[in-house]
**Student:** 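Take this structure, written in structure tokens, and hold onto it; I'll ask about it next.
What you are looking at is a predicted structure, and each value in this text was computed from that prediction instead of being measured. Positions are given from 1, in the same order as the sequence printed here.
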Amino acid sequence: MHIALYSPNWPPAGAANGIVSYVSTIREHLVGEGHKVSVVSNARLYPSDGPDVPLLPPIEEASGLDLIKRRALRRLDQWHGGRPGWGHLLAGQVRTAHRIAPIDILEMEESYGWSHTVARLSGVPVVTRLHGPCFLKPDQPRTAREKLIDQQRCRTEGAAVRSSSTLTAPTRAIMNVTCENYHRTPGAHDAVIPNPIRLTPESRRWRLEGCDRNRILMVGRFDYAKGADTMLLAFDRLLQTHPDARLTLVGPEVGLEVTPGQLASFEDYARARLSPEAASRVELTGTLTPEQIAPLRQQAFVTVIASRAENFPYALAEGLAAGSPMISTAWSASGEIISDGKTGFLTPIGDPIALAQRLAWMMDHPDFTATVGANGRRHCGATFSIETVGNRLLDCLEATIRSAAA
């Protein structure tokens with residue numbers, strides 16, 4: 001079977017993106033099972049059995065009607081939140097990839113409704129995977145223009161969800177709320193399939209005796225959606241009872257939306273909202289590769305996911321796989337990944353007081369915290385292993401192909 005996967009970036013090294021992590025992990029399993037797997041990304045085709053090839057000539061090499069069309073499509077994307085121009089270009093890339101080596105099935109995200117456009121124009125069966133529907137984005141300060149763009153994007157994603165022959169989601173909560181919001185009748189082959197993860201080797205797993213019990217780690221963009229403000233305010237409060245605590249923030253500094261259309265940097269936010277002591281005890285690393293994050297996770301006493309909304313974050317799954325004690329905010333599907341007090345801890349969304357209290361409790365109960373981390377690792381291995389998840393996806397893809405051929 002020739003399976004194609006769409007990824008927003010490729011190769012995966014250095015890409016701080018959950019979809020890239022998913023594609024990289026599932027691709028490894030599918031190839032191991034004897035299938036040909038190609039990745040479509042950034043107008044190139046990356047087959048598993050040969051060199052990558054371009055699917056779209058660089059715009060500086062385009063000419064005539066092709067150049068006019070591509071410029072028009074790019075201009076279209078400047079005012080329409082569904083980015084239909086790129087959707088049409090992507091469909092053309094998939095057609096080209098299909099001519100190079102016939103594709104049996106393509107799996108791609110729901111973003112911008114592109115899966116609907118690709119399925120309609122390419123002739124390739126498409127499975128739409130819910131990686132983070134736009135309508136689930138948390139409320140935040142937005143300009144009128146930004147709100148319109150979000151509305152346009154939600155409409156195109158809704159069309160993709162309703163029209164997809166097969167829809168998959170990493171959690172039942174995300175599947176249910178998306179189908180309800182977009183009025184989708186469940187399909188015969190729709191499936192809840194978690195994101196796959198490999199357990200960290202024993203030599204690199206988290207251990208209480210090897211960590212810094214004062215170190216807290218948060219992996220995620222410095223922005224409102226990832227809850228950077230919640231984490232910083234909780235840390236400032238934590239220092240009142242645990243003055244030796246330190247915080248490491250890993251991820252790109254996008255900025256916190258403090259007013260519509262305005263972003264505050266860490267320095268600006270710290271100056272306005274944090275005590276000088278708290279600001280001085282925070283380290284920002286910027287974007288790091290998984291290989292660079294792994295030792296930081298080993299060193300930290302606890303890893304925090306403070307997001308206001310999530311789908312199935314790899315920052316959480318990778319922490320569980322390493323045995324690191326995890327705290328997550330209680331977004332809709334979090335309980336399908338963490339059992340509060342058993343395999344991790346949950347706190348209310350946007351509540352820095354509750355987060356600070358939980359961090360303080362964990363620091364005061366290190367042995368119990370370590371037990372919860374070990375439980376999380378066992379649960380991760382039993383439920384989210386690449387073998388278990390990969391075989392469920394293969395069953396889904398094969399059923400979709402049979403249905404399309406009938």
Side-chain angles (χ1 to χ4, degrees), residues 1-13 15 17-57 83 86-132 157 160-161 163-170 187 189-191 193 195-196 386 389-406:
M1 182 163 52
H2 182 194
I3 303 165
L5 305 169
Y6 173 73
S7 177
N9 290 291
W10 203 261
N17 183 283
I19 301 174
V20 178
S21 297
Y22 166 80
V23 170
S24 176
T25 306
I26 203 67
R27 174 182 177 273
E28 178 185 344
H29 176 74
L30 298 176
V31 171
E33 291 296 303
H35 299 283
K36 179 178 180 179
V37 184
S38 297
V39 176
V40 177
S41 179
N42 292 324
R44 299 191 74 84
L45 180 69
Y46 297 85
S48 55
D49 58 354
D52 60 288
V53 296
L55 297 173
L56 193 67
R83 299 186 183 179
W86 183 251
H88 279 75
L89 289 174
L90 183 56
Q93 295 168 40
V94 173
R95 285 198 304 270
T96 300
H98 191 45
R99 286 196 298 269
I100 293 172
I103 297 170
D104 294 301
I105 196 160
L106 166 70
E107 184 191 65
M108 62 182 298
E109 61 186 285
E110 84 296 334
S111 296
Y112 304 101
W114 291 337
S115 63
H116 173 61
T117 305
V118 171
R120 182 168 55 88
L121 299 179
S122 71
V124 174
V126 176
V127 170
T128 299
R129 181 160 180 83
L130 300 176
H131 277 289
E157 290 183 0
V161 167
S163 66
S164 181
S165 59
T166 298
L167 189 70
T168 69
H189 307 302
D190 289 0
I193 303 172
N195 286 353
I386 188 172
V389 172
N391 290 335
R392 288 169 64 182
L393 177 61
L394 275 174
D395 291 342
C396 177
L397 298 180
E398 290 169 351
T400 302
I401 292 172
R402 290 195 300 268
S403 178

**Student:** With rounding to the nearest 0.5 angstrom, report the CG to CD1 distance, Leu393 to Ile193.
**Tutor:**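 With rounding to 0.5 Å, CG (Leu393) is 5.0 Å from CD1 (Ile193).
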**Student:** Taking His2 for its side chain and Lys36 for its backbone only, find out whether a donor-acceptor pair lies under 3.5 Å.
**Tutor:**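 Checking the backbone N and O of Lys36 against the side chain of His2, no donor-acceptor pair under 3.5 Å is found.
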**Student:** Thr400 side chain to Cys396 main-chain N or O, any donor-acceptor pair under 3.5 Å?
**Tutor:**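 Looks like yes, one N/O pair under 3.5 Å.
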**Student:** Work out which heavy atom in Val118 is nearest to a heavy atom in Ser122; give both atom names and the distance.
**Tutor:**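 Taking every non-hydrogen atom into account, O-OG, 2.6 Å.
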**Student:** If every non-hydrogen atom of Glu110 is compared with every non-hydrogen atom of His131, which pair is closest and at what distance?
**Tutor:**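 Of all heavy-atom pairs spanning Glu110 and His131, the closest is OE1-N, 2.8 Å.
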**Student:** Nearest 0.5 Å please: distance from the CG atom of Asn17 over to the OG atom of Ser7.
**Tutor:**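 So the gap between those two atoms works out to 6.5 Å.
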**Student:** Kindly compute the distance separating NE2 (His35) from CG (Leu397), expressed to the nearest 0.5 Å.
**Tutor:**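 So the NE2 of His35 and the CG of Leu397 are separated by 8.5 Å.
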**Student:** Establish, from distance only, whether the side-chain atoms of Glu109 and Tyr22 form a donor-acceptor pair under 3.5 Å.
**Tutor:**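 Note: Glu109 and Tyr22 side chains miss the donor-acceptor criterion.
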**Student:** Is the shortest heavy-atom distance from the side chain of Val20 to the side chain of Pro8 under 4.5 Å?
**Tutor:**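 SC-SC contact between Val20 and Pro8 confirmed.
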**Student:** Does the side chain of Leu5 come within less than 4.5 Å of Arg129's, by heavy atoms?
**Tutor:**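 Of all side-chain heavy-atom pairs linking Leu5 with Arg129, none is under 4.5 Å.
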**Student:** Please find the pair of heavy atoms, one from Arg27 and one from Ser48, that lie closest to each other, and give the distance.
**Tutor:**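 That would be NH2-CA, 3.6 Å.
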**Student:** What is the minimum heavy-atom distance between Thr168 and Glu107, and which atoms define it?
**Tutor:**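 That closest heavy-atom pairing would be OG1-OE2, 4.1 Å.
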**Student:** For a 4.5 angstrom cut-off between non-hydrogen side-chain atoms, does Leu394 reach Leu30?
**Tutor:**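 Yes, side chains in contact.
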**Student:** Give, for atom CG of Asn42 and atom CG of Leu55, the distance between the pair rounded to the nearest 0.5 Å.
**Tutor:**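 Here the rounded value is 10.5 Å.
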**Student:** Supply the atom-to-atom distance Glu33 CD to Asn391 CG, rounded to the nearest 0.5 angstrom.
**Tutor:**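 It is 5.5 Å, given to the nearest 0.5 Å.
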**Student:** Once rounded to the nearest 0.5 Å, what's the spacing between atom CD1 of Ile3 and atom CD1 of Ile26?
**Tutor:**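 The CD1 atom of Ile3 sits 9.0 Å away from the CD1 atom of Ile26.
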**Student:** On a heavy-atom basis, which atom in Leu167 and which in Asp190 lie closest, and how many Å separate them?
**Tutor:**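 So the two residues come closest at N-OD1, 2.9 Å.
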**Student:** Quick one: which of Ser163, Ser115, Ser111, Ser165 gives a side chain to side chain donor-acceptor pair (under 3.5 Å) with Thr128?
**Tutor:**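 Among Ser163, Ser115, Ser111, Ser165, the one meeting side chain to side chain donor-acceptor pair (under 3.5 Å) with Thr128 is Ser115.
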**Student:** Donor-acceptor pair, distance only, cut-off 3.5 Å: does the side chain of Arg83 make one with the backbone of Trp114?
**Tutor:**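 It does not hold such a pair.
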**Student:** Can you give the donor-acceptor pairs under 3.5 Å from side chains of residues 89-99 to other protein atoms, not counting sequence neighbours?
**Tutor:**
| from | atom 1 | to | atom 2 | distance (Å) |
| --- | --- | --- | --- | --- |
| Gln93 | OE1 | Ala43 | N | 3.3 |
| Gln93 | NE2 | Leu89 | O | 3.4 |
| Arg95 | NH1 | Leu121 | O | 3.2 |
| Thr96 | OG1 | Gly92 | O | 3.1 |
| Thr96 | OG1 | Arg99 | NH2 | 3.3 |
| His98 | ND1 | Ile103 | N | 2.8 |

**Student:** Do you know the tightest heavy-atom contact between Ser38 and Pro47?
**Tutor:**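 Smallest heavy-atom distance, with atoms named: OG-CA, 3.6 Å.
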**Student:** Which word best sums up how the rings of Tyr46 and Trp10 line up, parallel for under 30°, tilted for 30 to 60°, or perpendicular for over 60°?
**Tutor:**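 Ring orientation of Tyr46 relative to Trp10: tilted.
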